[in-house]
There are 2 protein chains.
Amino acid sequence: MSQMQNVERQLREMILGLEIGPGERLTERWIESRFGASRTPVRAALLRLETEGLIARDGRGWTVAPINLAELGQIAVYREAVEVAAVRLTAALEDRSGIEVIAAMLDSCGAETPREEWHRVGLDFHIELARLSGNEFLLRAVRDAMTRLSRARWLEVRDEKALGRAWAEHHAILAAVRRGDAEAAARLLAAHIAGSRDRLVTSLHDDRRGLRARGFAVVAA
Amino acid sequence: MSQMQNVERQLREMILGLEIGPGERLTERWIESRFGASRTPVRAALLRLETEGLIARDGRGWTVAPINLAELGQIAVYREAVEVAAVRLTAALEDRSGIEVIAAMLDSCGAETPREEWHRVGLDFHIELARLSGNEFLLRAVRDAMTRLSRARWLEVRDEKALGRAWAEHHAILAAVRRGDAEAAARLLAAHIAGSRDRLVTSLHDDRRGLRARGFAVVAA
DNA sequence: GATACCAGTTTGGGATACCAAGCTGGTATC
DNA sequence: GATACCAGCTTGGTATCCCAAACTGGTATC
């Protein structure tokens, strides 16, 4: 694997894993020494991560993208548009057996499953559901949206109840798609996304002092 | 302006203007000498254009993205999802005066307007309409889709009648938005996108021999 | 004490040298 | 004549060097 891909992957993991906090400054030299690569692949990786929205230019330098509450609201609208379109396509397919793989993925999470895994499955559910549509652009849009949401969701304080509710909503969406009920699937998905956004924004808004205390830049809605 | 932006902009214009044909191979050294920049900004520009879908990796090298008829169909579905979402948002705004700027843009095209200008306005109509929604992600999605459609639309054989019809459909969509009729706007826009796709794919499919004769790679649907 | 200024350092942008992988054209062998 | 093979060239990947701009810390001046 090339150095650029190495740096890109590792840096993305550090950002998404909050090992580098939202709003933190990045210098090409620091990354270079941190990952043992020269500046050429480092700069290539930065350019790619910039298009993912994980880092942003800060004047002449680079900054890890802050958590932006207004952006979360816009992403929810965007998600609804593309995810609903994707699920409508999928519900209209003759062969909807791909659904079962996603259902199995959901069921693989149990009481003893680590929180990290719940988080990953919660994101992958939406990505895999979009993939079933067969539309590359809808898939990419969903993947991009989930990447941008990833850190915020990780910071969200989620209790058992919220996790269980999301799990149930995911299954309800799958059930509607399974029986080919596009309208129901679209309605359930839209409600799920709106509810998810509300919980997310409320949680982060309430906790913004704590987040800032941890050194995380949080931009208000 | 930085060298990277220079190279990126000029290379994008050459690709979109079909000065470099779809499917053509690109080498970093050729670009370097062509634009008088060194490989560092050239590589940065290539990485950015790759994310726009205008160029793609071809094994170890670079290739100008071919015209892909299957992709055009997928883009139409994607466009419908995001553009309809955007126009619904716009129709729900209190202040919809931005509409008039777009209407003026349409009206600036007359019988003596060069074909190039019609082309640009036809793309910008959709982008500016999405911008009015105020949602950055929907705007970016539409802009990205129109960029990917640009070359295909330029190759489309369009007669006066088709241009006039598109112009009328654009105005009809604006009228629906102006009176706040989200349902009508969504319906008209969806029909416009579907019709546009049909004409585009049919035209390119019928002309694919001619396009290939010009050295343009055309991937079948 | 505040401020204007200056030298030193840091940083991203760019240019270039080097390398390994892969391709090409020619050649020698059968 | 076909094929295996090899030298040389091309090309993207990487490392490194230079530069100008911006930042930093300290100092001198008022």
Side-chain angles (χ1 to χ4, degrees), chain A residues 1-16 19-66 68 212 215-217 219, chain B residues 1-16 18-66 68 215-217 219:
Chain A
M1 179 176 287
S2 73
Q3 289 282 58
M4 184 208 92
Q5 291 171 313
N6 254 324
V7 173
E8 182 187 347
R9 190 173 42 78
Q10 293 186 61
L11 194 53
R12 183 189 295 110
E13 278 172 18
M14 285 188 73
I15 293 172
L16 292 180
E19 294 174 57
I20 316 179
E24 214 164 302
R25 286 291 295 272
L26 285 175
T27 69
E28 297 182 356
R29 258 85 174 189
W30 178 83
I31 301 168
E32 177 182 27
S33 67
R34 178 70 175 69
F35 297 114
S38 77
R39 284 180 64 209
T40 309
V42 166
R43 296 191 54 184
L46 286 171
L47 283 171
R48 296 188 67 99
L49 292 174
E50 185 188 13
T51 69
E52 287 186 46
L54 294 183
I55 62 176
R57 300 205 97 94
D58 171 34
R60 217 167 56 113
W62 302 94
T63 307
V64 176
N68 186 325
R212 292 216 178 94
F216 295 166
V219 177
Chain B
M1 182 178 286
S2 73
Q3 290 280 59
M4 184 209 92
Q5 291 171 313
N6 252 323
V7 173
E8 181 187 348
R9 189 172 43 78
Q10 294 187 61
L11 195 52
R12 184 190 295 112
E13 277 172 19
M14 285 188 74
I15 293 172
L16 292 180
L18 296 165
E19 294 173 57
I20 316 178
E24 214 163 304
R25 286 290 296 272
L26 286 175
T27 69
E28 298 183 356
R29 258 84 174 190
W30 179 82
I31 301 168
E32 178 182 24
S33 66
R34 178 70 176 70
F35 297 113
S38 78
R39 286 179 63 209
T40 307
V42 166
R43 287 179 57 90
L46 286 170
L47 284 169
R48 296 187 68 98
L49 292 174
E50 185 188 14
T51 69
E52 286 186 45
L54 294 183
I55 62 176
R57 302 206 92 95
D58 171 35
R60 218 167 55 112
W62 302 93
T63 307
V64 177
N68 187 325
F216 295 167
V219 177

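The sequence lines fix the lettering, A, B, ..., with proteins before strands; numbering per chain opens at 1. Only this structure's heavy atoms are used, side chains among them; waters, hydrogens and symmetry mates stay out.
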Exercise for review: Return the value, rounded to whole Å, for the distance between atom CG of Leu46(A) and atom P of dG14(C).
Suggested key: 14 Å

Point to revise | Phe35(A) side chain near Asn6(A) side chain, heavy-atom distance below 4.5 Å | key: no

Check your understanding: When rounded to the nearest 0.5 angstrom, what distance separates OG1 in Thr27(A) from CZ in Arg34(A)?
Key -> 12.5 Å

Revision key, fill the gap. Minimal heavy-atom distance between Gly53(B) and Ala65(B), with the atoms involved, is O-CB, 3.3 Å

Review point. Heavy atom of residues 52-61 of chain B under 4.0 Å from DNA chain D: which residues?
Key: Arg57(B), Arg60(B), Gly61(B)

Study note, to complete from the structure: Rounding to 0.5 Å, atoms CD (Glu28(B)) and CZ (Arg43(B)) come to a distance of 4.5 Å

Review point. What's the shortest heavy-atom distance between Val7(A) and Ala37(A), and which atoms?
Key: CG2-CB, 3.8 Å

Practice item. Evaluate the side-chain contact (heavy atoms from CB on, under 4.5 Å) criterion for residues Ile31(B) and Leu46(B): first the C-alpha distance (whole Å), next the side-chain angles of each, then the deciding distance (0.1 Å), finally the verdict. Key: CA-CA 10 Å; Ile31(B) 301 168; Leu46(B) 286 170; 3.8 Å; yes

Practice item. Go ahead and write out DNA chain D as dot-bracket, 5' to 3': ( ) for pairs within the strand, [ ] for ones crossing earlier pairs, | when the partner sits on another strand, dots for unpaired; Watson-Crick or G-U wobble, both distances under 3.5 Å. Key: ||||||||||||||||||||||||||||||

Study note, to complete from the structure: Heavy-atom closest pair (Phe216(A) atom, Gly21(A) atom, distance to 0.1 Å) is CE2-CA, 3.6 Å

Check your understanding: Which residues satisfy the side chain to side chain contact (heavy atoms under 4.5 Å, CB included) test with Asp58(A), sequence neighbours excluded?
Key -> Arg25(A), Thr63(A)

Revision key, fill the gap. When rounded to the nearest 0.5 Å, the distance separating CH2 of Trp62(B) from CG of Leu47(B) is 5.0 Å

Practice item. List in numerical order all residues of residues 26-44 of chain B for which some heavy atom is under 4.0 Å away from an atom belonging to DNA chain D. Key: Leu26(B), Thr27(B), Glu28(B), Arg29(B), Arg39(B), Arg43(B)

Practice item. Could I get the full list of side chain to side chain contact (heavy atoms under 4.5 Å, CB included) partners for Glu8(A), not counting sequence neighbours? Key: Met4(A), Arg12(A), Ala45(A), Arg48(A), Leu49(A), Glu52(A)

Check your understanding: Do Leu26(B) and Val64(B) have side-chain heavy atoms sitting under 4.5 Å apart?
Key -> yes

Review point. Which residues in residues 1-11 of chain B have at least one heavy atom lying under 4.0 Å from any atom of DNA chain C?
Key: Ser2(B), Gln3(B), Met4(B)

Check your understanding: Is Leu11(B) close to Ile20(B) at the side-chain level, that is, under 4.5 Å between some pair of heavy atoms?
Key -> yes

